Structure formats: C-alpha cells, structure tokens
Enquirer: 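One structure follows; several queries about it will come next.
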2 protein chains.
Amino acid sequence: MDSIKDIKSCPIQYVLYINDTLNVISGKWKLPIIGSVLFGKKRFTEIQRNIPKITPRMLSKELKELELNGVIVRKVYDSIPVTVEYELSESGKSITEVLDKMIEWGIEHRTSVFAKS
Amino acid sequence: MDSIKDIKSCPIQYVLYINDTLNVISGKWKLPIIGSVLFGKKRFTEIQRNIPKITPRMLSKELKELELNGVIVRKVYDSIPVTVEYELSESGKSITEVLDKMIEWGIEHRTSVFAKS
DNA sequence: TATAGTAATATACTAAAGTATAGTGCCAAT
DNA sequence: ATTGGCACTATACTTTAGTATATTACTATA
C-alpha cells in the first residue's frame with residue numbers, strides 16, 4: 001500500500017484516487033441525496049419530497065449507485081408494509097470533510113474572482 | 001456575505017457552493033489538465049503530450065472553461081511564432097487543498113470498503 | 001369498493017458530454 | 001518547394017446522463 005505522500009507526488013495515482021472520490025459526488029443528484037440523509041436516516045419518499053424535481057427513476061438509480069459505492073446503507077425492515085430506510089455509512093459521513101473543503105475553496109475562489117472583475 | 005458556518009448549516013447554500021467547486025474539477029479531462037500544469041506553466045502541445053488520449057478539441061474546450069472559471073491563466077507572448085502558455089492561477093493552485101482531502105478520503109474509504117468484503 | 005400511500009421498475013425519449021477525423025494559418029528548417 | 005511543428009477550429013458522429021410518463025405489487029384507510 002502506498003502512503004498518502006507517495007500518492008500525492010505521483011500524478012497518475014493522484015488523478016486515479018481523486019476520481020474515486022469524484023465519482024461518489026458527481027452528477028446532478030448525488031449531493032442533494034447525500035445532503036438529504038446527512039442529518040439522519042430517511043425513507044425513499046421522504047428523500048423524494050426533499051428534492052422536489054427528482055424522478056423516482058433517478059432517485060432509485062442514484063441510491064443504488066451510492067449503496068454500491070459504500071456511501072449509503074439501505075435498510076429493509078420487515079414491518080407490514082415493508083419499510084426501507086437509507087442512511088450514510090461511516091465513510092459517507094466522513095465525506096463531509098471533503099465537502100467542507102470544497103465550500104471553503106468555493107467561497108475563497110469566488111471572492112478572488114470578484115476582486116479581479 | 002454569509003460566513004462559512006452559516007453556509008455549512010444551510011443545505012441549499014451548501015449544495016450550491018459545493019457545485020461551484022465541483023464544476024471546476026468534474027468531467028473527464030479537467031483533473032489531468034490541472035495535474036499537467038500543477039508544477040509549472042505548459043504549452044498547448046506539451047499538455048497534449050502529457051495526456052495521450054485527449055483530442056485537441058477537448059483540450060481547447062476545457063482550457064477555455066478553466067480560464068473562464070479563473071482556474072487557469074492563458075498567456076500569449078508575441079514572439080515569432082506566437083507562444084501560448086497555460087498556468088494555474090492562485091485559486092487554481094489552492095485547489096490542491098481540496099484535491100488532497102479527496103485523496104485522503106478516497107484512500108480511507110477504499111480501505112474501509114475492502115475491510116467489509 | 002375506491003382512493004391513496006410506499007417503494008419502486010419499465011419504456012421511450014432528449015440533452016449533454018465526449019470522440020473521430022480532417023483542416024486552417026502561421027512560421028522555420030531542409 | 002515541401003515537410004513538419006504550433007495552436008488551434010470545424011463538422012459529424014457516438015455515448016452517457018438525465019427526463020417524461022406510465023405501471024406494478026402491496027397495504028391501509030374512508
């Protein structure tokens with residue numbers, strides 16, 4: 001296993017690992033979905049109500065992908081009728097660290113772009 | 001202007017600012033291009049040689065977008081023949097902080113996914 | 001018995017992103 | 001005079017992402 005230092009200094013590994021992370025958060029709906037389950041588990045229809053314009057097809061597709069990527073955990077309770085709940089995994093929760101850095105850069109970058117124009 | 005704290009606690013602003021940053025780095029070629037000019041200015045053909053499979057159309061298109069977003073600076077020298085050089089802006093350089101966080105998360109996430117399977 | 005909620009899936013479509021291939025105008029060296 | 005490098009642009013195409021709309025199987029309530 002390479003150390004973080006090794007990876008950061010190797011342009012190829014660098015891009016590969018970043019893409020791993022990028023795939024988890026890019027696309028039109030991944031962030032809104034993560035945002036929706038950020039403060040606790042939610043059900044399919046609840047998430048759908050949180051994100052008014054998403055279609056069930058997209059929500060279903062993206063949830064599956066997020067589950068496959070280990071970011072979201074899908075829990076089925078055998079109540080009658082069945083209840084399905086989605087929540088962030090531990091990795092999913094820790095992605096907020098990345099998102100926070102993105103917000104910080106976004107704000108700084110925006111002010112520096114405004115300053116020049 | 002909202003404080004970083006305010007933004008982080010508001011889901012709508014949260015997603016908007018992250019998307020700002022996300023737009024700068026997402027797509028197939030933006031990261032390889034940023035990676036190519038990370039350690040110093042480069043010319044069009046040099047970047048193209050660094051990224052073997054990129055077409056000039058894509059390189060041109062992406063460089064324009066990165067320039068428009070204030071991440072890359074395009075410098076034209078009126079030598080004969082004209083020389084064009086691309087380099088990261090100050091904002092562009094500081095995006096490495098975001099990228100480093102992404103690498104760290106990517107590595108941790110990958111190990112935690114392996115651990116479970 | 002009809003209506004509505006839950007958790008989706010199916011089919012068909014449009015729009016956005018990316019690829020393939022060729023060509024331009026400039027100059028410099030052979 | 002031709003070949004080749006530089007910095008692109010143009011046109012046509014394919015692939016991927018996202019949308020629209022309808023439908024399913026189940027249950028609970030009015």
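Note on naming: letters A, B, ... go to the chains in the order of the sequence lines (proteins, then strands), and numbering restarts at 1 for each one. Remember, it's a predicted structure, so these values are computed and weren't measured experimentally.
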Enquirer: Would you write out the dot-bracket form of DNA chain D, 5' to 3', with Watson-Crick and G-U pairs under 3.5 Å, [ ] for crossing pairs, | for pairs to other strands and . for unpaired bases?
Expert: ||||||||||||||||||||||||||||||
Enquirer: Within this structure, what is the NZ-to-C1' distance between K28(B) and dT14(D), rounded to whole angstrom?
Expert: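 Interatomic distance, NZ of K28(B) to C1' of dT14(D): 12 Å.
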Enquirer: Mind calculating the distance between NZ (K64(B)) and C1' (dA7(D)) to the nearest angstrom?
Expert: 11 Å
Enquirer: CG of D78(A) versus C1' of dT27(D): gap in Å, rounded?
Expert: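 Between C1' of dT27(D) and CG of D78(A): 15 Å.
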Enquirer: Quick check on dC8(D): is either OP1 or OP2 less than 4.0 Å from any side-chain nitrogen or oxygen of S60(B)?
Expert: no
Enquirer: Would you confirm whether S89(A), through its side chain, and G92(A), through its main-chain N or O, come within 3.5 Å as a donor-acceptor pair?
Expert: yes
Enquirer: Using the test side-chain contact (heavy atoms from CB on, under 4.5 Å), find all partners of P81(B) that sit at least two apart in sequence or belong to another chain.
Expert: none
Enquirer: Can you give the first and last nucleotides of DNA chain C, 5' to 3', that have an atom under 4.0 Å from a heavy atom of chain A?
Expert: dT6(C) to dA12(C)
Enquirer: Can you measure R43(A) atom CZ to dT27(D) atom C1' for me and round it to whole angstrom units?
Expert: 12 Å
Enquirer: Can you check the E65(A) CD to dG18(D) C1' distance for me, whole Å?
Expert: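 Going from CD in E65(A) over to C1' in dG18(D) covers 12 Å.
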Enquirer: Let me spell it out: for each of K61(A) and F44(B), pick the nucleotide of DNA chain D with the closest heavy atom. Which residue's pick is nearer the 5' end?
Expert: F44(B)
Enquirer: Hey, could you give me each pair passing salt bridge (Lys or Arg N to Asp or Glu O under 4.0 Å) that has a residue in residues 79-95 of chain A? Not counting sequence neighbours.
Expert: K41(A)-E85(A), K75(A)-E87(A), E90(A)-K93(A)
Enquirer: Could you work out, with side-chain contact (heavy atoms from CB on, under 4.5 Å) as the rule, every residue matching R49(B), not counting sequence neighbours?
Expert: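 With sequence neighbours excluded, R49(B) shows a side-chain contact (heavy atoms from CB on, under 4.5 Å) to T45(B), E46(B), given in chain and number order.
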Enquirer: Tell me which residues in residues 48-59 of chain A put a heavy atom below 4.0 Å from DNA chain D, sorted by number, or none.
Expert: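 Hits under 4.0 Å, by residue number: R57(A), M58(A).
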Enquirer: Is the closest basic N to carboxylate O distance between K30(B) and E65(B) below 4.0 Å?
Expert: yes
Enquirer: Nearest-Å distance, CD1 (I47(B)) to P (dC6(D))?
Expert: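 So the two atoms are 13 Å apart, to the nearest Å.
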Enquirer: Counting only side-chain nitrogens and oxygens, does Y86(B) get under 4.0 Å of the OP1 or OP2 atom of dC6(D)?
Expert: no
